[in-house]
Structure formats: structure tokens, C-alpha cells
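Just so it is clear, the values below take in all heavy atoms, side chains as well, and ignore hydrogens, waters and symmetry mates. Atoms within each ligand, like the ligands themselves, are counted from 1 in listed order.
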Amino acid sequence: MAVLTDIDGTLSPIVPTPDMSEVSEELRDLLRRLSERYLLVAGISGRKTEDAFDLIGLEEVVYFGNHGFEILREGEVEVIPEALPYLEKIQELERLAKGELAPEGALIEEKGITASIHYRNAPREVGERSVEFVKREGERLGLRITVGRGVVEARPPIKADKGTAVRTLVEEYHPERAMFIGDDTTDLDAFRELEKLREEGALREVLRVGVASDEGPPEIETEADIVVDGVDGVGEVLRALLGED
Ligand SMILES: [Mg+2]
């Protein structure tokens, strides 16, 4: 069986800023022991892959991060094969942005297979120029460009989310059963992909564990097989997997 889990809001309580997040020593110990007993324990997160690793801090766990584009195991980051041809394009865009936008005050964040150009702290016209430049050059390079709050991002034009991450892990590790624990909208992709994998016969059994919270979407409870209350409830599930009360 594969134990697949979201991190923020599932293994660590939601806190005012992401850098305050923490996984408790107790949960870390449960995850360590689970990884000895089960085929696979993986943390699947929207965060940068290295941040996901820093939060859980266990080499035994596999990490899927960076919008579903990267896997980290035994200290090595691998980009999913479908996205790999775009690595050079991302680097090319970063190089261009460093030459063109960084001198004006934009911040180029090199995230490996994705890139973020931040302009929140730069003058407004720098923001406008950044968006225009990244859209033009990114599209020329065949990348997908999205504009957020104070940031323009480039990524490979490939579908990658927690659902594709779950599929990749199932196809690679071949568990008979898989579970996913999550609390938020992006986790629903994982729930739905598990169900698809079961219908296809790739998995014999699946278990979707919804973590109830005030801010989470209602589907986390309606689409789950079981619902637990917050991070403490997740701890109970992990202990049950180890046969402990
Ligand atoms: Mg979460």
C-alpha cells in the first residue's frame, strides 16, 4: 500500500505565513515508521520540492512538489520526463529576464522546471514591463505563462497537479492499494485520480481521507471516504495504519 499525503493543513497546522509551518516530531516519527512498513510514503505539495522536504525532513519519504513537476527522493530532484524538454526553455527565459528585468528591480526566482518573476516591490511600470516581456518571450519559447499577485510565472505547457503526481507514483511503484490525505481544493485532483486508477484496475482499493477545516472546500468532505478533524485527526489515521490506538 502507498500512503500519499498533502503537507500544509494536513500534516502541519495552517499558520499565518508559510515559513512558520511545522510538522510535529510526533507525526514525523509516525511517518518514519510508516515508511518502514509500507511500500511508499510520499508527501505531495504545491510548494517547492525542497521546501516540502524541509518540512517533513525525512529521507525515507518521497516528495512531489513544484506544481507536480518534480520528484525528490534520496536527495535527488527529478523532473517528470514529459516536462524535461522544457528545462532549457525555462533557463533561457530566466537568462533573458535576468538581463532585461532584474536590473530594473524585478526578482527572478529560479525554481528549476518553473520560474517566477516577482515585481511586487518594484515600480508599477516595471511590473507591467515584466508581464509583457515574460508573456512575449515565454510564449515564443512555448511555455505556459500565468500572472498572479505581483508575480508572473512560466512553466512547461503540460498538465501537472496532485492528480498527475498520484498517477506517476502509482504507475512507478505499483501498489495494490493507495490512500491520499488532504484538506484543500488542489487535493481533490488527487482524490479523483485515485478513483480513476481504481476504475482502470491499476489499484485494487483506494482510501480518500478528507481533513475537515473551516476554510477547506465542502468537496473535501463529500468526496472523501472518511473525514477526520484537523492535523490531530490525521495523527490518529497514521497511528491506526501502524496498528496503534
Ligand atoms: Mg493542504
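Here 3 is the count of protein N, O or S atoms positioned under 2.8 Å from the Mg ion (ligand 1), waters not counted.
For Arg120, there are no side-chain hydrogen bond (donor to acceptor under 3.5 Å, both in side chains) partners two or more places apart in sequence or in a different chain.
One finds a salt bridge joining Glu195 and Arg208 here, because a Lys/Arg side-chain nitrogen approaches an Asp/Glu carboxylate oxygen to under 4.0 Å. In summary, Glu199 and Lys196 do not engage in a salt bridge, as defined by a charged side-chain N under 4.0 Å from a carboxylate O. Ion pairing between a basic and an acidic side chain is recognised when a charged N comes within 4.0 Å of a carboxylate O; Lys159 and Glu82 show no such pairing. Ionic pairing of Arg136 and Glu132 is present here: one or more N-O contacts between side-chain nitrogen and carboxylate oxygen are shorter than 4.0 angstrom.
Minimum heavy-atom separation, Ile7 to Ser45: CD1-CB, 4.0 Å.
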